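Notes for the one structure printed next.
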Amino acid sequence: MKNIIKINKLHKKYTSGTHALKGIDLEVKKGEFLILLGLSGSGKSTLLRCLNRLIEPTSGEIYFNEMDVVNANSNGLRKIRRQIGMVFQQFNLIKNISVLTNVFTGKLGYVSLAHSLTFKSHKNDLQLAEANLERVGLWEFKEKKVKNLSGGQQQRVAIARALMQNPQLILADEPVASLDPATADSVMRYLGELNKKDDITVICSLHFLSLARKYGTRVIALKDGKIVFDGTPTEIDEIKFKEIYGEDAEEVEIR
Amino acid sequence: MRFSDKFKAFLIDFVIWLYLLGSGLYFADSFGYKIPIIFILPLALIFATILNFGEDSPGMALFGEKKRKWLKSLNGWIIMLVLIMTMAVGWSVVEVDLFKFFTKGANAKGIVSGLFHPNFKIIKICLTALVETIYLALLATVLAIPLAFVLSFLAARNLMPKTFLGNSIYYIVRTIATIFRSIEAIVWAIIFSVWVGIGPFAGMLALMIHSVASLTKLYSEQIENIDSGQIEAIKATGATTLQVWVFAVIPQIISPYLAFTIYRWDINVRMATIVGFVGGGGIGLLLLQQQQLLRWHNVGIIIWLIALVVWIMDMVSGKVREKLQEM
Ligand SMILES: Nc1ncnc2c1ncn2[C@@H]1O[C@H](COP(=O)(O)OP(=O)(O)O)[C@@H](O)[C@H]1O
Ligand SMILES: [Mg+2]
């Protein structure tokens with residue numbers, strides 16, 4: 001199978017001096033559900049944000065579907081970004097506007113400013129947005145303001161927004177870290193379904209081994225900006241887990 | 001103790017003693033003793049040095065390691081002395097005269113009677129002037145909005161790129177806004193009444209300048225407080241810079257911007273009357289004229305009208321801002 005992501009010798013040094021990524025080499029195949037494990041501060045968010053250049057890499061190469069991400073100009077970057085959906089721990093929806101408009105923003109990478117101001121009057125967009133909301137079970141909420149929704153609902157809106165992009169890849173940065181266990185599992189189920197049914201590749205950072213085993217097809221672990229484990233979820237046993245999370249970590253604590 | 005802390009402690013004590021000795025000099029002077037001011041320098045130096053070695057002084061209390069009980073230390077007494085001295089000098093400088101206050105009330109008879117018997121015959125002239133004032137305030141606010149809007153983006157730390165040019169623009173806009181804001185509208189009114197002549201136009205310009213400066217500050221602080229996560233999320237969809245602004249920045253700032261602006265209009269109506277006093281036109285100017293002619297009944301009606309308008313503005317702007325918060 002083809003690689004959707006290929007990373008060579010990726011480094012990120014923040015201006016503060018923190019060396020967050022120290023030579024990452026990684027290939028991600030189309031259709032994988034890749035779980036990113038690692039202590040906080042190990043570089044998971046930095047790695048995910050380098051993939052769509054929300055953070056500028058310091059050196060190294062990144063290819064998305066064989067397109068050069070690092071050297072893309074602003075127009076090229078736009079075309080790359082619009083094929084990559086992103087889901088965040090804090091949901092990062094526009095809180096003061098309606099659910100529907102938030103879903104529309106997933107289309108921004110494809111349309112002009114004028115078009116984006118009149119989404120509702122474009123039949124295709126409206127139908128697509130409603131269908132995506134339907135898919136995450138929130139169609140009735142479309143006119144509500146985001147800030148009146150629960151955390152789990154907001155994350156599902158964020159998934160609908162990502163779907164609006166018609167993405168080939170979804171980056172999820174600890175998407176369930178601020179949710180309770182039951183809600184967390186339901187959000188992960190949506191991501192799992194997109195991965196299986198729509199063949200969308202998912203790269204998702206997590207702290208919970210149980211969720212990693214349930215949804216992941218492959219796991220990599222970061223420690224101090226380096227990949228210290230790369231394998232299947234079942235290969236991670238207690239010993240490996242302690243290597244990644246330190247001696248004191250108990251699997252039970254990490255759910 | 002680090003040397004820099006020692007130095008700071010000494011400096012504070014030195015300034016305190018300069019102040020205390022200077023105050024003493026002020027009283028000596030008012031009793032006819034002429035002591036050259038230069039004498040207090042060496043004295044303050046000596047006192048501060050001695051007390052710093054004793055480690056019991058305000059400076060040492062701030063930066064030193066030893067903690068002492070307030071009234072059981074020299075430090076406490078020195079601070080007490082500073083407070084007493086300040087009140088005494090203040091009393092003398094302000095020429096507080098309780099005798100006058102309690103015996104000369106009759107002088108205010110005219111204005112008090114004016115308040116109780118306002119002259120309704122001139123209400124038409126008053127209303128005309130009042131309309132002038134309200135429009136003056138409105139125009140000053142409305143014209144300030146676009147300027148402050150643009151400037152606020154330049155004065156927002158998180159939006160300006162951290163390059164030499166970006167930093168320069170940020171600091172220049174910030175500094176100018178701070179300076180212009182610290183110059184009172186009444187001073188601007190004096191400047192503009194000379195520049196464009198006495199009248200509402202001068203008042204409008206004065207309020208506008210002041211409004212631009214303070215709205216720029218309020219707006220830009222709002223921008224600095226926006227949630228960068230939302231910007232990140234919109235950027236990640238492939239949105240252009242303009243789309244990021246429309247969908248991630250503006251929704252976050254629009255309602256606080258409106259609230260600030262309405263509040264500003266409220267303030268401007270208030271200030272417009274004051275500004276009128278120094279040549280800014282409107283009801284303030286009318287008030288000044290009537291007061292100088294000693295027409296107390298006319299002054300009475302004007303004061304009532306101003307109070308009424310300020311009260312209404314206050315209430316309306318309060319209600320609107322409340323609604324905006326809920327949005
Ligand atoms: N914007 C930033 N500026 C400076 N240092 C940062 C920034 N973001 C993250 N870091 C640092 O980079 C390292 C990796 O952080 P991050 O990628 O957020 O890790 P994780 O997502 O695994 O918790 C940490 O040491 C963190 O403090
Ligand atoms: Mg993180």
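Bear in mind the structure is a predicted one, so any value in this text is a computation, not a measurement. Order of the sequence lines sets the chain letters (A, B, ...), proteins ahead of strands, with each chain counted from 1.
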Keeping B:Q243 on the side-chain end and A:V111 on the backbone end, is there a donor-acceptor pair under 3.5 Å? yes
Tell me, yes or no, whether the heavy-atom count around B:F201 atom CZ, taken from other residues, nucleotides or ligands under 6.0 Å, exceeds 12. no
Is the shortest heavy-atom distance from the side chain of A:L108 to the side chain of B:I234 under 4.5 Å? yes
Minimum heavy-atom distance A:S116-B:F247, with the two atoms named: O-CZ, 3.1 Å
Is there a side-chain contact between A:M86 and B:E232, using heavy atoms and a 4.5 Å cut-off? no
Taking CZ in B:F7 as the centre, count heavy atoms belonging to other residues, nucleotides or ligands within less than 6.0 Å. Is the count above 12? no
Highest number of heavy-atom pairs under 4.5 Å with chain B among A:Q83, A:R82, A:M164 belongs to A:R82
Flag the pair B:D227 / A:Q90 as yes when at least one side-chain heavy-atom distance between them is below 4.5 Å, and no otherwise. no
Whether over 12 other heavy atoms sit under 6.0 Å from B:Y263 OH: no
Ignoring hydrogens and geometry, is there a side-chain-to-backbone donor-acceptor pair from A:R81 to B:A236 under 3.5 Å? no
Under 6.0 Å from the CD atom of A:E140, do we count more than 12 heavy atoms belonging to anything else shown? yes
Please indicate whether A:K95 has more than 12 foreign heavy atoms, meaning atoms of other residues, nucleotides or ligands, lying under 6.0 Å from its NZ. yes
At a heavy-atom separation under 4.5 Å, does A:S112 approach chain B through its side chain, its backbone, both, or neither? backbone
Proximity breakdown for A:Q165 and chain B, heavy-atom pairs closer than 4.5 Å: side chain
So for A:L54, is it side chain, backbone, both, or neither that comes closer than 4.5 Å to the heavy atoms of chain B? side chain
Above 12 or not: heavy atoms from other molecules or residues under 6.0 Å from NZ of A:K44? yes
Max heavy-atom pair count under 4.5 Å with chain B, selected residue of A:L77, A:T105, A:L117: A:T105
So what's closer than 4.5 Å to chain B heavy atoms on A:R53: side chain, backbone, both or neither? neither
Check for a donor-acceptor pair, side chain of A:N96 on one end and backbone N or O of B:P251 on the other, with a separation under 3.5 Å. yes
Side chain from CB out, backbone as N, CA, C, O: work out which of these in A:I84 comes under 4.5 Å of a heavy atom of chain B, or both, or neither. backbone
Answer with side chain, backbone, both or neither: which region of A:K107 has an atom nearer than 4.5 Å to a non-hydrogen atom of chain B? neither
